[in-house]
Amino acid sequence: MLLTRLLNACHRFPGFVYEGARLDETTKTIEVQVRPRRGSKPCCSGCGQCAPGYDQLPERRFEFIPMWGFAVLLLYRMRRVRCGACGVKVEQVPWAMGKHTLTRAYMLYLAHWARKLSWQETARSFHTSWEKVCQAVEYVVQWGLEHRQQGPIRAIGVDEIQYGRGHTYLTLVYQIESGCVRLLWVGKDRTIESFEKFFTMIGKELAEKIEFVCSDMWKPYLKLIAKHCTHALNILDRFHVVAKMNLALDDVRAAEARRMVQDGYEPVLKKSRWCLLKRPENLTDNQRVKLRDVLRYNLASVRAYLLKEAFQDVWNYDSPTWAGKFLDQWTSQVMRSRIEPMKKFARTIRAHRELLLNYFRARKAFSSGVIEGLNNKAKVTMRKAYGFRTFGMIEIALYHALGKLPEPKLAHDFY
Ligand SMILES: [Zn+2]
């Protein structure tokens with residue numbers, strides 16, 4: 001029969017034979033009988049050694065890759081073995097592991113699609129459940145984490161990302177050198193204790209060989225980086241610096257907009273948020289018109305906006321010395337501005353002046369947009385992750401999307 005021939009061509013295992021297939025039209029299921037090849041010996045699932053048979057268990061059903069809208073099930077009665085080392089154990093079968101009802105081929109297949117679609121869409125596309133897609137991804141990620149090579153690591157970026165409601169954060173560590181950009185680690189919270197686990201994972205030897213660490217100004221991060229990456233240049237990441245300044249600008253705008261409404265002024269700042277936050281070259285036509293309008297007023301938001309735009313020039317410097325002079329001038333100007341949130345940002349910049357200048361000392365080493373790109377991808381993954389409420393699920397989804405993990409190999413590629 002065609003189906004058993006197909007299976008023999010792409011999913012064949014020595015020691016087992018496909019015995020024929022049956023289509024059940026009411027349940028839209030194809031059932032394929034599998035049996036041990038005559039004379040083949042079962043192997044122990046505990047240690048992998050072949051052992052004498054003990055008895056046979058009731059039939060189990062393993063889900064294989066569906067075909068033309070039909071579910072495909074492999075039916076097999078597992079044998080138990082009497083293993084010299086492990087005692088009476090169920091046999092090991094090459095198409096599945098442990099208690100999983102999904103075959104490995106099907107898990108790899110689902111996990112592959114779950115990287116392109118959301119888990120929900122994957123489940124719907126293959127008439128399976130969200131939980132099974134989740135199992136599949138979990139299997140692939142676990143395998144990948146066990147088999148990946150961690151080092152050598154030259155440059156890392158530390159980032160945090162908000163998840164769930166309120167102020168819950170994840171700490172993400174990326175490898176960011178050219179030729180190897182990937183998520184290395186996900187940690188719950190952004191505390192010393194959580195970040196410390198990353199260094200435990202990679203070990204002292206790898207940590208000491210890291211040359212560059214890009215991070216934001218979060219104190220626990222800075223502390224641990226200095227402690228563990230003893231030979232690295234710690235660089236304040238451009239993306240995080242700009243994000244912090246934008247927060248300050250947004251505070252100014254929001255407070256001023258509220259005040260204007262209270263005092264009965266014309267609401268000129270209404271819908272101005274993105275006009276002020278975006279770089280001028282990224283504005284839409286409408287936003288450009290709106291910005292031109294807002295800039296005519298003598299507002300703290302406008303002055304803060306002009307300071308923000310002036311700050312962006314710093315990135316054009318090549319020399320750390322000149323960049324430093326620019327920063328000193330800019331921060332003095334801000335300190336005279338009487339705009340409190342911007343002054344607070346300027347003080348932060350002064351406190352971290354050397355770390356920020358490390359950006360210029362290292363800038364030829366790697367491109368600075370890398371962390372921002374990864375951060376965006378991580379956010380998309382979390383947004384697509386409808387239904388991921390637990391940290392464990394989010395962790396798996398992020399590793400799956402960004403970890404560039406190795407995957408178990410099958411003899412045939414099903415996708
Ligand atoms: Zn054994």
Side-chain angles (χ1 to χ4, degrees), residues 3-4 6-21 30-65 71-112 114 128-129 131-150 200-203 392-393 395-396 399-400 403 405-414:
L3 188 66
T4 46
L6 272 177
L7 281 166
N8 269 318
C10 67
H11 196 245
R12 176 199 196 99
F13 299 106
F16 300 90
V17 267
Y18 296 108
E19 191 131 72
I30 302 171
E31 294 176 345
V32 183
Q33 205 72 48
V34 185
R35 66 163 176 81
R37 191 177 292 281
R38 250 174 269 288
S40 80
K41 268 204 171 158
C43 300
C44 165
S45 61
C47 61
Q49 293 300 312
C50 287
Y54 177 75
D55 63 358
Q56 213 167 13
L57 298 172
E59 188 173 78
R60 261 179 70 179
R61 302 154 74 85
F62 297 92
E63 290 180 52
F64 190 66
I65 301 166
V72 177
L73 295 175
L74 306 183
L75 311 185
Y76 180 70
R77 291 187 64 188
M78 308 281 273
R79 292 167 289 179
R80 286 204 295 177
V81 299
R82 191 195 297 277
C83 172
C86 316
V88 173
K89 278 267 176 190
V90 72
E91 73 173 311
Q92 185 179 53
V93 290
W95 58 84
M97 318 88 51
K99 299 229 177 319
H100 281 278
T101 57
L102 305 176
T103 56
R104 277 201 318 190
Y106 191 29
M107 287 204 273
L108 286 182
Y109 185 84
L110 286 175
H112 170 84
T128 184
S129 66
E131 284 74 18
K132 283 184 181 167
V133 175
C134 177
Q135 267 175 35
V137 177
E138 202 172 355
Y139 160 66
V140 168
V141 166
Q142 257 162 19
W143 194 95
L145 288 174
E146 278 160 27
H147 292 82
R148 73 173 170 173
Q149 203 184 341
Q150 285 186 353
T200 310
M201 178 190 83
I202 62 168
M393 286 289 92
E395 186 185 23
I396 286 164
Y399 276 127
H400 188 50
L405 297 173
E407 280 185 6
K409 280 268 165 283
L410 294 173
H412 174 76
D413 286 330
F414 289 93

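Just follow the structure's listing: the first ligand is 1, and inside any ligand the first atom is 1. The analysis underlying the following values was restricted to heavy atoms, covering all of them including side chains, and did not include hydrogens, waters or symmetry mates. Being a predicted model, the structure only gives us computed values, none of them experimental.
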Short side-chain to backbone donor-acceptor contact, [X] and [Y], under 3.5 Å:
| X | Y | answer |
| --- | --- | --- |
| H147 | W143 | yes |
| S45 | V90 | yes |
| Y18 | H11 | yes |

task = Could you tell me whether R77 and E59 make a salt bridge, using a distance below 4.0 angstrom between a side-chain N and a carboxylate O?
result =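 The answer is no: the pair does not qualify as a salt bridge.
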
key: Steps toward salt bridge (charged side-chain N to carboxylate O under 4.0 Å, His left out) verdict (E91, R79)   = CA-CA 6 Å; E91 73 173 311; R79 292 167 289 179; 3.0 Å; yes

query = What are the protein N/O/S atoms, named by residue and atom, that sit under 2.8 Å from the Zn ion (ligand 1)?
reply =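 Less than 2.8 Å away from the Zn ion (ligand 1) sit C44 SG, C47 SG, C83 SG, C86 SG.
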
query = Using 30° and 60° as the class limits, which term best fits the ring planes of W95 and Y76: parallel, tilted or perpendicular?
reply =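 W95 and Y76: perpendicular rings.
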
